[in-house]
Amino acid sequence: MASSQDPFYITTAIDYPNSRPHIGTAFEKIGADAQARFQRMKGRDVHFLMGNDENTIKVIQRATELGLEPKPYVDDMARQFQEVWTALNVSNTDFIQTSQSRHHIGSRKFIQAVYDAGHIFKKTYTGLYCNGCESFKTEKELIAGRCPNHQSQELKQVEEENYFFRLSDFADRLLEHYRTHPEFIKPDSRLNEIVNLVESGLQDVSISRKGFVWGIPVPFDEDQTIYVWFDALLNYITAIGYGSDDETLYLKYWPADVHVIGKDITRFHCALWPAMLMAAGLPLPKSVYAHGFVYNKGEKISKSAGTAIDPMTVYQTFGTDPFRYYFLKECVFGSDGNFSEERFVELYNSDLANNLGNLYSRTISMCVRYFEGNLEGSSTINPTDWKSGLDLGELANELDDLVSRFEYSQALQTIWSQILDRANRYIQNTEPFKLIKTDREACKQVLANLADAIRVTGILLKPFLPGTAETFYRSFNFEDSGSWDSLDFQQIANPPSGRPDYRVTAALEAGKPLPMFPKIQPSTES
RNA sequence: GGCGGCGUGGCUCAGUGGUAGAGCAGCGGUCUCAUAAUCCGCUUGUCGUGGGUUCGAUUCCCUCCGCCGCUACCA
């Protein structure tokens with residue numbers, strides 16, 4: 001068992017708070033959360049960071065539209081974001097806002113260190129500036145040579161002095177790192193893309209802007225502010241106190257075990273970020289996991305096209321665990337997934353209501369109905385019948401492997417086929433509802449086995465469906481011999497020794513548990 | 001254009017040099033503890049196209065068709 005001192009640092013991308021999160025954002029947080037919860041079960045000391053990326057032009061624009069000052073606006077958005085994450089039972093241990101002083105302090109310290117090391121230089125940038133947008137435009141954005149948002153205005157050629165980071169100096173070292181650390185970029189397809197990118201040659205990148213009041217001033221030139229990407233990436237170390245008076249957390253948790261990000265920002269995390277760290281002489285994160293996107297019935301999620309779905313709507317309709325289950329099971333984390341309400345209802349009814357919830361109902365009901373919830377003498381029963389032919393120790397290892405690799409869909413599929421289907425089949429084959437009429441002891445034997453299956457389910461679902469898992473684990477007196485807080489996968493192999501008789505402790509109504517996942521009637525329209 | 005990936009039953013996907021599997025959906029049957037759930041059985045596939053290698057390819061190679069990702073400095 002891993003030492004409780006063994007740190008595990010996991011992060012998600014920080015989000016632009018220029019609008020509320022959509023289900024794609026939620027997908028990332030839930031995937032990271034499953035990993036965080038899993039690592040806690042392994043005894044790791046998990047630090048799980050999330051946050052918002054607030055030092056951007058769009059944030060100011062949005063605040064201005066609403067007639068607000070930037071800071072109250074971003075604070076309110078941070079509150080709204082965290083409200084969503086709380087609703088989805090995301091167990092982050094910190095939430096950083098890049099407008100916070102800890103981020104400003106650490107970022108200034110960092111850029112100064114890179115500057116002092118000679119990796120930053122000043123250069124004049126020339127570009128097309130749109131007065132309407134108060135920003136530069138790329139050639140690609142232009143429509144008929146003009147800003148798409150301000151067609152009536154001419155674009156101006158403007159020169160500006162900015163600071164640049166010598167990214168080009170790091171190509172060889174980056175390639176060497178990819179080669180010697182193949183686990184640095186996952187999934188593998190992303191690694192190939194990044195290697196390709198770096199091999200094709202890196203150019204120096206500008207890392208500051210002139211004349212912005214919102215943002216982090218460059219310490220060696222206060223007229224400039226640190227450009228968003230250089231700024232944003234630093235949240236991973238500023239959040240844990242890099243550059244502050246107390247670097248205890250930084251020393252404990254850095255380098256991070258994994259940055260969980262969307263596939264669109266892989267290059268920033270796998271090329272720019274490690275180069276920045278090299279420039280500052282800091283260790284690199286152990287790995288970056290780039291997950292896929294969620295589409296709305298095959299359509300890209302886009303606010304302007306109206307295809308964005310608010311996680312809160314889904315959550316309020318279906319609940320936290322069904323929401324989590326859908327994305328963890330239906331959308332392979334490393335690939336793109338799809339969301340549709342039809343599919344949601346299908347999966348909910350078949351996997352959660354019919355299979356998982358029903359196993360719970362029928363098991364508890366029989367225990368209560370036949371034995372008043374007390375399986376007297378069951379402490380001596382060794383519940384091996386239900387899992388005959390299955391090596392749970394091996395299964396625990398297999399699942400451990402899958403979850404470590406973010407293969408949640410595969411893991412859940414395995415739990416369903418190996419545990420839940422097996423338990424339901426066991427009931428059908430042993431027919432405890434008939435045994436009770438002929439052989440009370442044999443019936444009790446079967447129910448004791450089912451109690452163990454419920455225990456195993458409670459343990460295995462813990463990283464994915466924490467609420468449901470806890471309900472399962474607390475439906476019998478399992479806590480008497482194994483605390484809910486200290487469960488790990490290996491414990492599925494055998495019930496704890498010295499355990500008391502099984503006793504139902506689940507909440508009941510008229511002798512039955514309430515349906516955990518009430519069946520949803522599929523909508524008949526469309 | 002360059003690099004890479006994909007194209008398998010209605011849907012989502014797995015898979016192997018010897019002519020294919022799972023889950024869901026659908027259909028039929030069954031038990032009755034349970035959320036009309038469970039359990040059992042069944043149907044559907046030219047494994048994108050055309051070639052090649054091979055005794056034999058869905059699996060290896062090439063052409064083509066279709067789809068997708070990356071192609072950095074959103075200044």
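In this text the structure is predicted, and so the values were computed from the model without any measurement. Every chain is numbered from 1, with letters handed out A, B, ... down the list of sequences.
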What's the CD-C1' distance between Glu161(A) and A75(B), to the nearest Å?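 Result: 15 Å.
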
Given the side-chain rings of Tyr289(A) and Phe333(A), with only the six-membered ring counted for Trp, is the space between their centroids under 6.0 Å?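 So the answer is yes for these two rings.
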
Short N/O separations, protein against nucleotides 21-25 of chain B, under 3.5 angstrom:
residue	atom	partner	partner atom	Å
C24(B)	O2'	Glu346(A)	OE1	3.3

Rounding to an integer number of angstrom, what distance separates G29(B) and G48(B) when you compare their C1' atoms?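 The answer is 38 Å between these two C1' atoms.
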
Could you check if a side-chain atom of Tyr370(A) sits within less than 4.5 angstrom of a side-chain atom of Lys444(A), using non-hydrogen atoms only?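 A side-chain contact is absent here, since even the closest heavy-atom pair is not under 4.5 Å.
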
Any N/O pairs under 3.5 Å between the protein and nucleotides 66-69 of chain B? List them or say none.
residue	atom	partner	partner atom	Å
G69(B)	O2'	Arg190(A)	NH1	3.1
G69(B)	O2'	Glu193(A)	OE2	2.8

Tell me which of Phe164(A) and Leu514(A) sits closer to the 5' end of RNA chain B, going by the nucleotide each one is nearest to.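 With Phe164(A) and Leu514(A) compared, the 5'-side residue is Leu514(A).
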
Need to verify one output field. Residue with the more 5' nearest nucleotide on RNA chain B, Arg425(A) or Leu352(A)?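 Result of the comparison: Leu352(A).
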
Considering only the C1' atoms, how many Å lie between G2(B) and U58(B), rounded to the nearest integer?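 So the two C1' atoms sit 30 Å from each other.
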
In whole angstrom, what separates Ile520(A)'s CD1 from A36(B)'s P?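 Value for this atom pair: 14 Å.
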
Test ring-ring contact (aromatic ring centres under 6.0 Å, His included) applied to Phe268(A) and Tyr236(A), Trp229(A), Tyr227(A), the passing residue: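 So, applying the ring-ring contact (aromatic ring centres under 6.0 Å, His included) to Phe268(A) and each of Tyr236(A), Trp229(A), Tyr227(A), only Trp229(A) qualifies.
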
Taking only residues at least two apart or on different chains, which pairs with a member in residues 197-213 of chain A satisfy salt bridge (charged side-chain N to carboxylate O under 4.0 Å, His left out)?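 Applying salt bridge (charged side-chain N to carboxylate O under 4.0 Å, His left out) to every pair that reaches into residues 197-213 of chain A, excluding sequence neighbours, yields nothing.
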
By the salt bridge (charged side-chain N to carboxylate O under 4.0 Å, His left out) test, which pairs, at least two apart or in different chains, include something from residues 187-198 of chain A?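 Salt bridge (charged side-chain N to carboxylate O under 4.0 Å, His left out) check on residues 187-198 of chain A returns Lys186(A)-Asp188(A), Arg190(A)-Glu193(A).
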
Would you say Tyr473(A) and Arg455(A) make side-chain contact, with heavy atoms under 4.5 Å?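 Yes; the side chains approach each other to less than 4.5 Å.
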
So that I can compare with my own list, what are the stems of RNA chain B, taken as at least three consecutive Watson-Crick or G-U pairs with distances under 3.5 Å?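 So far as stems of 3 or more pairs are concerned, RNA chain B shows B:1-7 with B:65-71, B:10-13 with B:21-24, B:26-29 with B:39-42, B:50-52 with B:60-62.
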
Parallel, tilted or perpendicular, as decided by the 30° and 60° cut-offs, for the rings of Phe344(A) and Tyr348(A):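 Ring orientation, 0 to 90° scale: parallel.
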
Criterion side-chain hydrogen bond (donor to acceptor under 3.5 Å, both in side chains) on Asn162(A) and Glu160(A), from CA distance to verdict: CA-CA 6 Å; Asn162(A) 290 139; Glu160(A) 183 174 306; 3.0 Å; yes

Name the nucleic acid region contacted by Leu202(A), choosing base, sugar-phosphate or nothing; use a 4.0 angstrom heavy-atom cut-off, strictly under.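 Leu202(A): base contact, heavy atoms under 4.0 Å.
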
Categorize Ser208(A) for me: base, sugar-phosphate, or nothing, with a 4.0 angstrom heavy-atom threshold over every strand shown.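 Result for Ser208(A) = base.
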
Sorted by first residue and then second, give each salt bridge (charged side-chain N to carboxylate O under 4.0 Å, His left out) pair with at least one member in residues 344-361 of chain A; sequence neighbours left out.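 Qualifying pairs, neighbours excluded: Lys329(A)-Asp351(A), Arg343(A)-Glu346(A).
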
Looking at residues at least two apart in the chain, or sitting in another chain, which of them share a salt bridge (Lys or Arg N to Asp or Glu O under 4.0 Å) with Arg405(A)?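 Per chain and number, Arg405(A) pairs via salt bridge (Lys or Arg N to Asp or Glu O under 4.0 Å) with Asp401(A), Glu407(A).
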
How long is the line joining CZ of Arg422(A) and C1' of C39(B), in whole Å?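 Distance, rounded to whole Å: 15 Å.
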
Is there any protein nitrogen or oxygen under 3.5 Å from a nitrogen or oxygen in nucleotides 31-34 of chain B, and what are the pairs?
residue	atom	partner	partner atom	Å
C33(B)	O4'	Tyr370(A)	OH	3.3
C33(B)	O3'	Arg369(A)	NH1	3.1
C33(B)	O2	Arg362(A)	NE	3.1
C33(B)	N3	Arg362(A)	NE	3.4
C33(B)	N3	Arg362(A)	NH2	2.6
C33(B)	N4	Arg362(A)	NH2	3.2
A34(B)	OP1	Arg369(A)	NH1	3.1
A34(B)	O2'	Asn358(A)	ND2	2.5
A34(B)	N3	Asn358(A)	OD1	3.1
A34(B)	N3	Arg362(A)	NE	3.2

Sequence neighbours excluded - salt bridge (charged side-chain N to carboxylate O under 4.0 Å, His left out) pairs with any residue from residues 170-183 of chain A: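 Checked against salt bridge (charged side-chain N to carboxylate O under 4.0 Å, His left out) - neighbours excluded - the pairs reaching residues 170-183 of chain A are Glu176(A)-Arg179(A).
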
Tell me, do His291(A) and Phe406(A) make a side-chain contact under 4.5 Å, heavy atoms counted?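 No - every pair of side-chain heavy atoms lies 4.5 Å or more apart.
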
So which of residues 450-458 of chain A are in contact with RNA chain B, with a heavy-atom cut-off of under 4.0 Å?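 RNA chain B contact set from residues 450-458 of chain A: none.
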
Considering residues at least two apart in sequence or located in another chain, which fulfil the salt bridge (Lys or Arg N to Asp or Glu O under 4.0 Å) criterion with Arg474(A)?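 With neighbours one apart ignored, the set is Glu470(A), Glu479(A).
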
Classify the nucleic acid contact of Tyr227(A) as base, sugar-phosphate or nothing, counting any heavy atom under 4.0 Å across all strands shown.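 Counting heavy atoms under 4.0 Å across all strands, the contact made by Tyr227(A) is with sugar-phosphate only.
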
Between G17(B) and C60(B), how many Å separate the two C1' atoms, rounded to a whole number?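 Taking atom C1' in both G17(B) and C60(B), they lie 8 Å apart.
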
Please list, chain by chain and in numerical order, all residues satisfying side-chain hydrogen bond (donor to acceptor under 3.5 Å, both in side chains) with Asn354(A), sequence neighbours excluded.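 By the side-chain hydrogen bond (donor to acceptor under 3.5 Å, both in side chains) rule, Asn354(A) matches Lys519(A).
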
Please check this pair: side chain of Trp273(A) against backbone of Leu284(A), looking for a donor-acceptor N/O pair closer than 3.5 Å.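 Side chain of Trp273(A) to backbone of Leu284(A), a donor-acceptor pair under 3.5 Å: no, none is there.
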
Hey, is the side chain of Asn162(A) pairing donor to acceptor with the base of A75(B) inside 3.5 Å?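 Check passes, donor-acceptor contact within cut-off.
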
